[in-house]
Number of protein chains: 2
Amino acid sequence: MPQLRIAMAQVNPTVGDLVGNSAIAVDWIRKAADAGADVVVFPEMSLTGYPVEDLALRATFAEASRRAVDDLAGRVAEFGDLLVYVGYLDRDEQGPRNAAAALLRGEVVARQFKHHLPNYGVFDERRNFEPGSSLDIVRFRGLDVGMVICEDLWQDGGPVAALGQAGVDLVVSPNASPYERAKDDIRLPLISRRAREARAPIVYTNQVGGQDDLVFDGDSIVADADGTLLARAPQFVEHLLVLDLELEAGEHGPDGEYAGIEVRRRVLGLEPREPYEPIAEPPISEPLSDEAEVWYALVTGLRDYVRKNGFRSVTFGFSGGIDSALVAALAVDALGPDAVYGVSMPSKYSSEHSRSDAAELARRLGCRYRTEPVAEMVHAYVSQLELSGLAEENVQARARGVLLMALSNADGHLVLATGNKTELAVGYSTIYGDAVGGFAPIKDVFKTHVWELARWRNAEAEKRGETPPIPESSISKPPSAELAPDQVDTDSLPDYALLDDILDDYVEGDRGYADLLEAGFDPEVIDRVVWMTDKAEYKRRQYPPGTKITFKAFGRDRRLPITNGWRERRD
Amino acid sequence: MPQLRIAMAQVNPTVGDLVGNSAIAVDWIRKAADAGADVVVFPEMSLTGYPVEDLALRATFAEASRRAVDDLAGRVAEFGDLLVYVGYLDRDEQGPRNAAAALLRGEVVARQFKHHLPNYGVFDERRNFEPGSSLDIVRFRGLDVGMVICEDLWQDGGPVAALGQAGVDLVVSPNASPYERAKDDIRLPLISRRAREARAPIVYTNQVGGQDDLVFDGDSIVADADGTLLARAPQFVEHLLVLDLELEAGEHGPDGEYAGIEVRRRVLGLEPREPYEPIAEPPISEPLSDEAEVWYALVTGLRDYVRKNGFRSVTFGFSGGIDSALVAALAVDALGPDAVYGVSMPSKYSSEHSRSDAAELARRLGCRYRTEPVAEMVHAYVSQLELSGLAEENVQARARGVLLMALSNADGHLVLATGNKTELAVGYSTIYGDAVGGFAPIKDVFKTHVWELARWRNAEAEKRGETPPIPESSISKPPSAELAPDQVDTDSLPDYALLDDILDDYVEGDRGYADLLEAGFDPEVIDRVVWMTDKAEYKRRQYPPGTKITFKAFGRDRRLPITNGWRERRD
């Protein structure tokens with residue numbers, strides 16, 4: 001049976017950086033060539049990065065992307081008979097296209113557009129692209145190789161079915177499939193099913209790394225024609241996965257329409273490879289545990305947001321509480337201790353333990369640390385404007401925001417916001433105050449999960465014989481905003497376990513009042529949580545319109561309920 | 001020929017407020033009944049408001065909307081034989097629907113879903129709705145009445161063509177068509193063309209009022225079967241337009257497929273009206289002048305943002321400059337002088353004229369006014385953190401932001417941001433500083449246009465024998481941020497006329513470097529403006545990811561170029 005050595009380049013491009021992404025492509029093509037590969041497959045839109053969003057609509061960018069593909073084709077000529085699959089942005093008279101090209105010997109030998117354009121959750125592709133309608137199969141080394149781009153793989157009776165009917169020996173699939181909790185549990189069964197439908201192995205390469213709100217976990221997969229898992233790349237790291245396939249060269253149909261899709265074939269004119277000795281069994285990486293997966297998703301998202309936006313360091317408030325402690329541990333894992341600038345900003349309501357816990361956190365992490373009291377700034381506002389109550393509470397949070405932005409301007413740090421998902425959902429935070437920051441690493445983590453992650457990270461450190469990064473007392477003490485005397489969160493909020501349970505249904509699950517009642521929650525508590533969540537939307541009206549607060553970090557574009565006066569009610 | 005009295009209810013609903021919008025519907029149905037109308041047509045999704053955005057995806061909201069339609073049907077039973085067309089959100093097993101219903105005698109007698117779902121610019125409808133595939137024609141008083149919802153009217157060979165082929169005597173069209181500059185110039189020719197295509201008059205009712213980022217201008221129109229304009233409602237005000245039509249009852253085809261669309265007919269069983277004396281010629285309102293149109297769009301957008309979000313008053317900085325002066329004049333026109341709280345917040349770099357011009361502005365407008373120096377707050381930051389340069393400049397702007405938010409918290413005002421489009425595009429503003437505010441009334445107005453509008457508003461006042469609201473010296477003095485000694489905008493920016501010209505091409509027109517060169521701009525200036533605009537995007541990276549800065553005020557979702565490292569370059 002003909003053999004083929006496949007390389008999957010699980011890389012981390014940057015949206016818009018055509019020059020940098022082309023350099024990444026050349027680097028990894030070289031690695032694939034060095035490994036003796038016949039085919040190398042990059043992720044979806046790997047030359048432009050994904051998601052390009054509005055950049056797709058800019059004609060000059062599409063032209064530059066097309067030029068980048070042509071240039072890359074020229075640059076890969078030196079690698080001889082290596083067939084390269086790379087994703088990019090194309091544009092023709094119908095509009096922009098989510099495209100992938102096959103490059104060989106200095107030429108673009110196939111060019112295919114994505115058919116199914118996802119337009120839900122984090123995806124806006126129907127806005128940005130026109131759909132494709134044909135499939136390109138190339139005959140390469142005696143084998144028929146088809147391709148399907150990302151979402152096209154998820155469609156029953158779609159492009160994979162067409163390839164199966166037309167006949168192929170191998171399917172390559174460039175992907176940019178964002179991380180969601182437990183998504184790795186659904187990818188493999190899907191790919192196995194499609195491999196059986198195509199009656200050919202599927203080589204599924206996924207993007208890795210953080211891009212703006214999204215995190216891509218890699219987890220590239222090869223499944224055999226019978227659905228068996230052959231190889232799996234590790235999550236959250238760049239990786240070149242190389243494996244040898246023994247493929248059956250079938251007798252296949254001519255050009256024409258299959259499952260309603262136009263299929264075009266092109267013979268590239270390369271003979272089957274001489275028989276060779278396969279490399280060792282390809283590795284099948286074990287998916288990470290649930291907590292580890294979330295941890296590395298958060299670390300990856302933070303690291304790449306900082307790096308891809310040209311920052312080298314971060315600053316934020318060390319309050320002594322659990323949220324800032326978790327963010328600090330994440331930031332040190334992402335960037336190293338020298339790039340993390342913690343600032344304790346006590347006000348007159350700050351407790352002694354808040355200062356000592358913050359200092360202890362900095363000591364454990366070995367990061368930069370300074371204390372900048374906000375008493376004087378706060379006093380200037382409170383006395384001049386005669387503030388009290390909520391206005392006085394918020395001035396403390398806002399004075400801290402201004403202080404951090406001043407340090408950012410002076411020293412070039414990115415400011416991080418340390419708010420968690422529970423706080424954001426119920427509006428238990430100060431806009432233009434603790435919500436200040438270019439990145440909010442835990443905005444998609446409920447408070448109860450914040451504690452779990454802290455305990456998990458400490459336990460991991462203990463397993464490795466290291467100092468647990470997060471002070472025990474930051475985990476165990478009752479949470480408090482410390483903006484008024486003896487304030488604790490439970491003055492204003494239900495118990496967090498209960499609150500998170502309801503929010504998970506109301507915000508994540510889009511469930512209504514009746515469903516919440518049926519789920520057994522107390523009607524009074526449902527009323528209270530729904531009221532707080534709706535009211536939080538009104539608070540956010542002091543952000544400019546067009547500002548959408550989403551929980552994208554885990555790959556779900558879950559907006560907080562926008563109610564505009566409509567309320568879930570009991571009938 | 002059969003007669004029919006038509007009423008168009010050009011109303012201003014609020015997104016999400018099903019109860020309030022139903023009350024509006026009942027009110028205006030009563031007015032239509034009092035005017036002796038046979039048919040009354042409301043705008044698109046008038047029961048839910050438009051655009052509902054993510055609310056469309058909330059199943060409980062869709063259920064509540066369906067109940068609201070049924071309830072409304074019951075409530076209109078008292079108005080006898082009045083046929084009511086109302087827009088709402090429906091939902092069936094396929095998903096949410098942008099729907100319109102016809103109500104008669106307590107019953108929903110027709111229910112149609114929008115076919116063409118716009119997904120560009122300000123529209124995200126393919127994300128939020130499933131498309132419809134059929135058309136409902138009702139026989140009412142001997143006449144066949146079809147309906148098409150908004151975008152369906154804009155399609156060549158679409159639903160209007162199908163109605164034309166199937167045969168109708170009248171087409172009603174509920175719309176939510178946002179204001180754009182000069183859009184009224186394209187609406188009438190379109191409606192005229194479609195009326196000829198339908199071979200029947202078209203009754204086009206449009207929403208009016210501001211909703212979040214959007215402004216709807218009304219401008220409801222009736223065109224005769226030959227395309228002649230019969231009636232036109234005024235812009236930017238709620239209005240009931242009533243007119244009598246003499247219609248020809250044609251012989252029409254049966255149920256079936258026309259132009260590929262399923263057409264269903266239902267006979268409502270009401271006899272043609274007894275001949276009656278038509279009311280006077282219906283009014284044909286003149287469209288506003290270009291400047292007046294922009295002015296009322298800005299006033300309307302501001303007024304409704306304040307009102308629909310539960311605020312009663314606004315506060316913002318009176319700097320003595322032209323931007324805040326224009327915003328003040330708009331705010332007083334929108335809300336009255338007692339709802340406008342101007343605050344002069346001088347720093348040590350503020351000029352004498354900035355204070356006197358601010359005071360003079362307040363005097364002319366008769367609005368609330370106070371002076372709150374920021375010297376002490378700024379000093380607290382600058383001395384404690386030893387700030388200088390940009391960090392010191394920004395602290396002044398941020399101290400003002402915190403001060404305004406404190407007044408908002410204390411007194412319940414909405415804070416307005418006074419930045420213009422030019423500033424926002426090139427990043428000549430301080431995030432978390434002068435960019436603080438829940439609404440930015442002139443974010444879609446280029447600086448050169450700010451001056452033009454100021455002159456226009458003053459001239460209007462003079463025509464009416466009133467005091468021009470904006471001090472002449474605020475218009476004529478060189479613009480300055482006054483954040484450093486003797487600073488003027490032209491230290492950092494090209495001449496505004498030139499800058500706005502380039503930005504109009506680069507941002508609004510999505511043009512590239514080569515196009516700008518071809519348009520005759522100096523290569524050095526293009527480089528500089530493109531560089532500033534791209535750099536501004538990086539500054540905004542200190543806002544949370546997911547924060548999209550758009551210029552929606554005039555109904556275009558034009559994001560600033562998101563470049564992520566990719567730059568327009570000379571070849």
Side-chain angles (χ1 to χ4, degrees), chain A residues 14-18 20 53-55 58-61 119-120 126-127 212-213 309-310 372 376-377 380-381 384-385 387 390-391 394-395 398-399 401-403 405-406 409-410 415 417 432 436-440 510 512 538 541-548 550 552 559 562-566 568, chain B residues 14-18 20 53-55 58-61 119-120 126-127 212-213 309-310 372 376-377 380-381 384-385 387 390-391 394-395 398-399 401-403 405-406 409-410 415 417 432 436-440 510 512 538 541-548 550 552 559 562-566 568:
Chain A
T14 298
V15 163
D17 186 5
L18 294 172
E53 302 197 5
D54 287 25
L55 212 43
R58 227 169 152 85
T60 49
F61 181 68
N119 210 52
Y120 53 83
R126 282 196 218 165
R127 192 176 173 93
D212 302 322
D213 275 353
N309 289 302
E372 295 290 351
E376 264 191 66
M377 298 82 161
Y381 291 106
Q384 183 172 319
L385 300 173
L387 302 174
L390 184 67
N394 282 336
V395 156
R398 292 190 181 118
V402 172
L403 199 156
M405 287 304 297
N409 282 158
V415 176
Y432 304 116
V436 161
F439 196 75
D510 268 339
Y538 279 90
R541 292 306 168 117
Q542 290 259 15
Y543 274 134
T547 308
K548 300 183 179 183
T550 61
K552 262 196 188 173
R559 279 179 70 171
I562 304 298
T563 56
N564 281 301
W566 175 70
E568 283 287 346
Chain B
T14 299
V15 163
D17 186 7
L18 294 172
E53 302 198 5
D54 287 26
L55 213 41
R58 232 176 146 80
T60 48
F61 181 68
N119 210 51
Y120 53 83
R126 282 197 218 164
R127 193 178 172 91
D212 301 322
D213 276 354
N309 289 301
E372 294 290 351
E376 263 191 69
M377 297 80 162
Y381 291 105
Q384 183 171 319
L385 301 173
L387 302 175
L390 184 67
N394 282 337
V395 156
R398 293 192 180 118
V402 173
L403 198 155
M405 287 304 298
N409 282 158
V415 176
Y432 304 116
V436 161
F439 196 76
D510 267 338
Y538 279 90
R541 291 304 167 118
Q542 291 259 16
Y543 273 134
T547 308
K548 300 184 179 182
T550 61
K552 262 193 186 176
R559 277 179 71 171
I562 303 297
T563 56
N564 281 301
W566 175 70
E568 282 288 347

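Below, read A as the first sequence line, B as the second, and so on, with proteins coming before strands; counting in each chain starts at 1. Note that the coordinates shown come from a computational prediction; the quantities given were computed from them, not determined experimentally.
In plain terms, the two heavy atoms of A/Ala410 and B/Ala391 that are nearest each other are N-CB, 4.1 Å. Shortest non-hydrogen contact noted between A/Asn409 and B/Leu390 is OD1-O, 4.4 Å. A/Thr60 and B/Gly512 make their closest contact through CG2-CA, 3.4 Å (heavy atoms, listed as atom of the first residue, atom of the second, distance). Closest heavy-atom contact between B/Asn119 and A/Arg126: ND2-C, 3.5 Å.
Looking at B/Ala417, there are no atoms closer than 4.5 Å to chain A (heavy atoms on both sides), in backbone or side chain. The contact between B/Leu403 and chain A is made by backbone and side chain atoms together, counting heavy-atom distances below 4.5 Å.
Looking at A/Met377, A/Gln384, A/Glu376 one by one, the single match for side chain to side chain contact (heavy atoms under 4.5 Å, CB included) with B/Met377 turns out to be A/Gln384.
Distance alone, capped at 3.5 Å, places no donor-acceptor pair between the B/Tyr432 side chain and the A/Arg398 backbone.
Rounding to the nearest 0.5 angstrom, the gap separating the CZ atom in B/Arg58 from the CG atom in A/Asp510 is 4.5 Å.
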